[in-house]
Amino acid sequence: MNLLDPGGAVIIAGLAAEPDVAMISLRHRHGRADAAAELTALRRAYAGPLLVEPFSALDLPAIAEHADGVLVGAAWMQDFQLLRAVARTGRPVVIQRAPAATLEEWLSAAEYCVAEGNHEVVLCETGTRTHLPHHTLDLALVREAGRRRPVFVDVSSDPALATAALSAGAHGLLLGEDAEAGRVAEARARAALLAPLLADGEPATVVDARAEIDRVDAALATLLERRAELAGLVQRLKPVGGFAGRDLDRERQIVEAMAARAPGLGADRIARIMTAVIEAGLQASEERDLSPA
């Protein structure tokens with residue numbers, strides 16, 4: 001299983017939410033459940049990518065047989081014997097940061113896996129204990145760790161931080177076993193919107209370049225739709241709306257600001273593009289206003 005999607009962030013959650021990678025934790029079974037029986041039954045119903053957190057090393061043979069990756073929970077991050085055993089399964093490993101662990105301790109945990117010949121190691125930020133009722137994510141630490149290894153961020157306690165986590169460089173989001181499908185869909189939509197803006201490097205082939213264009217176009221379509229909605233709201237709030245209420249000075253300011261961000265296109269091309277965008281938005285707004293309720 002490749003935990004890293006080159007086109008955007010990987011969304012990890014429970015099976016019911018239809019994530020990119022499904023997760024299940026055996027931790028809550030407290031060693032009383034038969035991992036082999038549980039995972040065998042799960043595999044009969046689900047064939048997609050599966051990430052499993054063991055309760056102990058006794059669960060690893062079953063995980064190696066039935067799962068695609070292993071999640072080492074924050075409480076086990078410094079159980080070095082477990083880390084070695086997990087690495088020897090040959091499955092990709094995700095290591096959650098313990099609440100008080102430093103960056104170097106977190107990276108050292110990954111090195112225990114690498115020392116066993118397993119280089120498919122991803123870090124996962126779960127937060128630090130603070131005065132708040134849930135752990136506080138350290139997004140500065142995410143950015144720094146991301147310079148060394150790929151990093152996921154566990155946003156299960158506050159899914160609203162998904163955008164901030166992605167902006168900090170997260171390669172994926174973990175929303176937990178009980179995440180609702182709507183939250184997963186929202187996280188996926190935010191990831192798709194941000195991916196083209198945060199992408200580094202240059203595609204090496206025509207196919208890769210076209211795939212990147214498709215991602216940019218998807219984000220652009222989302223932004224255009226949102227812009228049209230906001231423009232329609234402005235028209236309804238103005239004393240004179242629609243085409244009759246166009247503010248040409250405001251439109252010139254928009255073009256100038258956008259041209260500063262897109263010097264390669266220049267003001268003339270931006271002006272033509274934005275004229276088309278503004279007029280399309282006004283037409284869509286008028287059509288919505290005239291359509292029967």
Side-chain angles (χ1 to χ4, degrees), residues 1-29 33 35-77 79 82-98 106 109-110 112-114 116 118-127 142 145 149-157 159 162 165-166 170-181 183-184 187-188 191:
M1 174 177 66
N2 181 10
L3 282 171
L4 304 177
D5 179 359
V10 174
I11 309 298
I12 303 171
L15 278 70
E18 300 183 359
D20 301 322
V21 176
M23 71 162 290
I24 180 172
S25 176
L26 300 176
R27 224 176 121 181
H28 310 303
R29 280 71 168 174
E38 197 149 330
L39 295 179
T40 298
L42 177 59
R43 272 306 187 197
R44 291 195 189 104
Y46 178 76
L50 179 64
L51 186 68
V52 178
E53 179 184 14
F55 173 74
S56 72
L58 295 176
D59 296 331
L60 295 179
I63 291 174
E65 181 178 355
H66 298 288
D68 302 287
V70 189
L71 174 68
V72 177
W76 278 265
M77 189 204 89
D79 185 337
L82 177 63
L83 287 170
R84 289 191 177 104
V86 164
R88 289 194 292 269
T89 66
R91 300 301 189 192
V93 181
V94 177
I95 302 175
Q96 293 185 323
R97 185 176 73 88
W106 199 15
Y112 276 92
C113 296
V114 173
E116 296 294 330
N118 191 332
H119 296 270
E120 293 188 82
V121 183
V122 178
L123 305 175
C124 181
E125 163 64 354
T126 57
V142 169
R149 287 198 169 276
V151 184
F152 292 163
V153 175
D154 184 342
V155 294
S156 54
S157 63
L166 294 169
H171 293 78
L173 300 171
L174 191 151
L175 283 88
E177 280 187 89
D178 57 352
E180 298 174 354
R183 282 186 169 178
V184 170
R188 184 178 284 116

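Below, all heavy atoms of this structure are taken into account, side chains as well, without hydrogens, waters or symmetry copies.
With hydrogens and angles disregarded, a donor-acceptor distance shorter than 3.5 Å links the side chain of Trp106 to the backbone of Ile95. At least one donor-acceptor pair closer than 3.5 Å links the side chain of Asn118 to the backbone N or O of Ala87. In this structure a side-chain-to-backbone donor-acceptor pair under 3.5 Å is present from Glu177 to Ser25. Checking side-chain atoms of His171 against main-chain N and O of Val151 turns up a donor-acceptor pair under 3.5 Å. When atom types are taken as modelled, the side chain of Arg91 and the backbone of Ala64 share a donor-acceptor pair closer than 3.5 angstrom.
Atoms CD and CZ, from Glu125 and Arg97 in turn, are 4.0 Å apart once rounded to the nearest 0.5 Å. With values rounded to the nearest 0.5 angstrom, Asp68 atom CG is found 6.0 Å from Leu50 atom CG. Interatomic distance, OH of Tyr46 versus CD1 of Ile24, reported as 11.5 Å (0.5 Å rounding).
Summarising the geometry of Ala170 relative to Val153, their closest heavy-atom pair is CB-CG2, 3.7 Å, with the distance given to 0.1 Å. Scanning both residues, Ala191 and Leu166, for their nearest heavy atoms gives CA-CD1, 3.5 Å. Between Leu174 and Gln96, the closest heavy-atom pair is CD1-NE2, 4.2 Å. Residues Arg27 and Glu53 come closest through the heavy atom pair CD-OE2, 2.9 Å. Of all heavy-atom pairs between Ile12 and Met23, the closest is CG2-CB, 3.8 Å. Of all heavy-atom pairs between Ile63 and Gly69, the closest is CG2-O, 4.2 Å.
The number of heavy-atom neighbours closer than 6.0 Å to CZ of Arg183, taken from other residues, nucleotides and ligands shown, is 12 or below.
Residues Leu60 and Leu82 have side chains in contact (heavy-atom distance under 4.5 Å, counting atoms from C-beta outward). Side chains of Asp20 and Arg188 form a contact here, defined as non-hydrogen atoms less than 4.5 Å apart. The closest side-chain heavy-atom distance from Leu39 to Glu65 is not below 4.5 Å. Counting only heavy atoms from C-beta outward, the side chains of Leu42 and Leu15 approach each other to under 4.5 Å. Proximity of Val121 to Arg149: side-chain heavy atoms (C-beta onward) are separated by under 4.5 Å at one or more points.
Residues passing the side-chain hydrogen bond (donor to acceptor under 3.5 Å, both in side chains) test with Ser156, sequence neighbours excluded: Asp154.
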